[in-house]
**Student:** 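Encoded as structure tokens, here's the structure I'll be asking about.
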Amino acid sequence: MGDVLNEGLREKKRFKTRSEAGTLAMGERVAEMLLPAPKLYVLRGDLGAGKTTLVKGIAAALGAAEAEDVTSPTFTLVHEYAGRKVRLYHLDLYRLETERELLTLGLEEMAEQPDALVLVEWGEKFPSVVERADGEILIEHAGGDERMFYVRVKA
Ligand code: ADP
Ligand code: MG
């Protein structure tokens with residue numbers, strides 16, 4: 001599924017972190033790279049890869065929320081945070097099964113707002129999200145607490 005997104009993507013940046021704190025700190029560098037809004041990115045990686053941790057770091061960097069106040073939207077599906085300049089939407093589609101359910105979330109309306117940054121965990125499950133996305137951040141385990149991050153944007 002992710003391979004669909006792989007096509008036509010170019011790597012903008014890659015990072016390695018060695019701890020949860022390292023990923024939180026990296027949110028600042030990543031936030032800069034994802035702006036200017038509006039932007040929609042798929043966060044792609046296994047359970048425990050660090051997708052939510054990265055969003056915590058990004059939210060803090062944008063002045064949208066304290067890292068510890070950002071929790072996984074696994075059950076609520078969407079969390080919204082008002083940042084200094086951007087409106088941050090954090091989605092987790094792990095529990096969603098159909099495009100029909102997805103429609104009720106209003107992802108398109110979120111992404112259309114001029115100041116939106118939309119970060120979607122498990123977005124690669126849905127062709128419509130992949131289609132709409134401006135890029136992805138792929139996160140891979142690199143042994144122990146090491147993680148590799150690949151920021152890729154549509155060419
Ligand atoms: P996901 O949202 O991808 O399922 P989370 O961010 O919720 O993942 O969880 C990542 C887990 O991995 C946390 O328990 C965190 O403490 C741990 N961890 C270990 N090393 C790292 C790292 N380098 N970056 C991010 N998380 C890490
Ligand atoms: Mg998560």
Side-chain angles (χ1 to χ4, degrees), residues 1-6 9 11-35 37 39-83 86-99 101-107 110-111 116-154:
M1 263 184 282
D3 292 328
V4 180
L5 192 54
N6 259 331
L9 288 180
E11 188 172 297
K12 205 170 168 187
K13 201 83 189 171
R14 67 170 74 184
F15 302 96
K16 183 191 259 183
T17 70
R18 295 181 171 79
S19 65
E20 181 176 358
T23 296
L24 288 173
M26 204 191 62
E28 193 134 357
R29 288 164 73 190
V30 174
E32 267 170 38
M33 213 173 295
L34 303 185
L35 299 177
K39 291 280 179 229
L40 192 160
Y41 284 85
V42 170
L43 303 185
R44 196 153 69 85
D46 297 340
L47 274 176
K51 301 181 292 298
T52 298
T53 303
L54 180 64
V55 176
K56 286 170 180 270
I58 292 171
L62 296 174
E66 300 289 333
E68 60 266 32
D69 293 332
V70 174
T71 55
S72 178
T74 310
F75 294 96
T76 47
L77 303 177
V78 188
H79 287 164
E80 181 182 345
Y81 306 96
V86 303
R87 192 177 296 272
L88 177 64
Y89 291 97
H90 179 200
L91 289 86
D92 184 336
L93 306 185
Y94 187 71
R95 306 187 75 84
L96 269 198
E97 278 166 12
T98 64
E99 288 273 357
E101 291 172 286
L102 181 65
L103 271 179
T104 66
L105 280 186
L107 186 62
M110 294 173 208
L117 175 60
V118 185
L119 303 176
V120 189
E121 299 188 34
W122 300 102
E124 72 275 16
K125 283 172 62 178
F126 296 95
S128 69
V129 177
V130 170
E131 173 86 6
R132 182 65 180 75
D134 297 297
E136 70 169 19
I137 301 174
L138 172 65
I139 310 174
E140 287 179 341
H141 283 258
D145 285 350
E146 293 194 348
R147 303 287 193 273
M148 281 300 306
F149 294 78
Y150 303 87
V151 181
R152 299 157 156 184
V153 295
K154 281 189 178 165

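Counting convention: from 1, in listed order, for ligands and their atoms alike.
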**Student:** Suppose the cut-off is 2.8 Å; which protein N/O/S atoms would you list for the Mg ion (ligand 2)?
**Tutor:**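 Sorted hits: Thr52 OG1, Glu121 OE1.
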**Student:** Of all the heavy atoms in Gly48, does at least one lie under 4.0 Å from an atom in ligand 1?
**Tutor:** yes
**Student:** Are Leu103 and Thr98 side-chain neighbours, meaning at least one heavy-atom pair lies under 4.5 Å?
**Tutor:**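 They are not in side-chain contact.
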**Student:** What's the shortest distance from atom 7 (O) of ligand 1 to any protein heavy atom, and which residue and atom give it?
**Tutor:** Thr52 CB, 3.7 Å
**Student:** Under a 4.5 Å cut-off applied to non-hydrogen side-chain atoms, are Leu96 and Phe126 in contact?
**Tutor:** yes
**Student:** At less than 4.0 angstrom from any non-hydrogen atom of Thr23, what atoms of ligand 1 do you find?
**Tutor:**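 Answer, ordered by atom number: 22 (C), 23 (N), 24 (N), 25 (C).
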**Student:** CE of Met33 to CD1 of Ile58: how many Å apart, nearest 0.5 Å?
**Tutor:** 9.5 Å
**Student:** Salt bridge between Arg44 and Glu124, side-chain N to carboxylate O under 4.0 Å?
**Tutor:**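 Salt bridge: no.
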**Student:** Could you check whether atom 17 (C) of ligand 1 has a protein contact, counting only heavy atoms that fall below 4.0 angstrom?
**Tutor:**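 Within 4.0 Å of atom 17 (C) of ligand 1, protein heavy atoms are found.
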**Student:** Are any non-hydrogen side-chain atoms of Phe15 and Val151 less than 4.5 angstrom apart?
**Tutor:** yes
**Student:** Please state which protein non-hydrogen atom is closest to atom 5 (P) of ligand 1 and give its distance, to 0.1 Å?
**Tutor:** Thr53 OG1, 3.7 Å
**Student:** Just jot down the ring-ring contact (aromatic ring centres under 6.0 Å, His included) partners of Tyr94, sequence neighbours excluded, or say none.
**Tutor:** Trp122
**Student:** Where is the nearest protein heavy atom to atom 8 (O) of ligand 1: which residue, which atom, and how far?
**Tutor:** Gly50 N, 3.2 Å
**Student:** At a 4.0 Å cut-off, with the gap strictly under it, does some heavy atom of Ser19 reach an atom of ligand 1?
**Tutor:** yes
**Student:** Atoms of ligand 1 less than 4.0 Å from Leu47 heavy atoms?
**Tutor:** 4 (O)
**Student:** Return yes when Asp46 approaches ligand 1 closer than 4.0 angstrom through a heavy atom, no otherwise.
**Tutor:** yes
**Student:** Using a 3.5 Å cut-off and no angle test, enumerate the donor-acceptor pairs between side-chain atoms of residues 46-54 and protein atoms at least two apart in sequence or in another chain.
**Tutor:**
{"residue": "Lys51", "atom": "NZ", "partner": "Gly45", "partner atom": "O", "Å": "2.8"}
{"residue": "Lys51", "atom": "NZ", "partner": "Asp46", "partner atom": "O", "Å": "2.8"}
{"residue": "Thr52", "atom": "OG1", "partner": "Glu121", "partner atom": "OE1", "Å": "3.2"}
{"residue": "Thr52", "atom": "OG1", "partner": "Glu121", "partner atom": "OE2", "Å": "2.6"}

**Student:** Is atom 14 (O) of ligand 1 touching the protein, meaning some protein heavy atom lies under 4.0 Å away?
**Tutor:** no
**Student:** Return the closest protein heavy atom for atom 23 (N) of ligand 1 as residue, atom name and distance.
**Tutor:** Asp145 O, 2.8 Å
**Student:** For Arg29, check side chain to side chain donor-acceptor pair (under 3.5 Å) against everything at least two apart and list the hits.
**Tutor:**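 Partners of Arg29 by the side chain to side chain donor-acceptor pair (under 3.5 Å) criterion come out as none, since no residue qualifies.
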**Student:** Ligand 1 and Arg147, any nitrogen or oxygen pair closer than 3.5 angstrom?
**Tutor:** yes
**Student:** May I ask you to test the Leu91-Met110 pair for a side-chain heavy-atom distance under 4.5 Å?
**Tutor:**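 Yes, side chains in contact.
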**Student:** Write down the atom of Val70, the atom of Lys56, and the distance for their closest heavy-atom approach.
**Tutor:** O-NZ, 2.8 Å
**Student:** In Å and rounded to the nearest 0.5 Å, what is the NZ to NZ distance from Lys12 to Lys154?
**Tutor:** 14.5 Å
**Student:** Rounded to the nearest 0.5 Å, how far does CD1 of Ile137 lie from OH of Tyr150?
**Tutor:**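 Between atom OH of Tyr150 and atom CD1 of Ile137 there are 13.5 Å.
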**Student:** Please state which part of Glu121 comes within less than 4.0 Å of ligand 1, counting heavy atoms only: side chain, backbone, both or neither.
**Tutor:** side chain
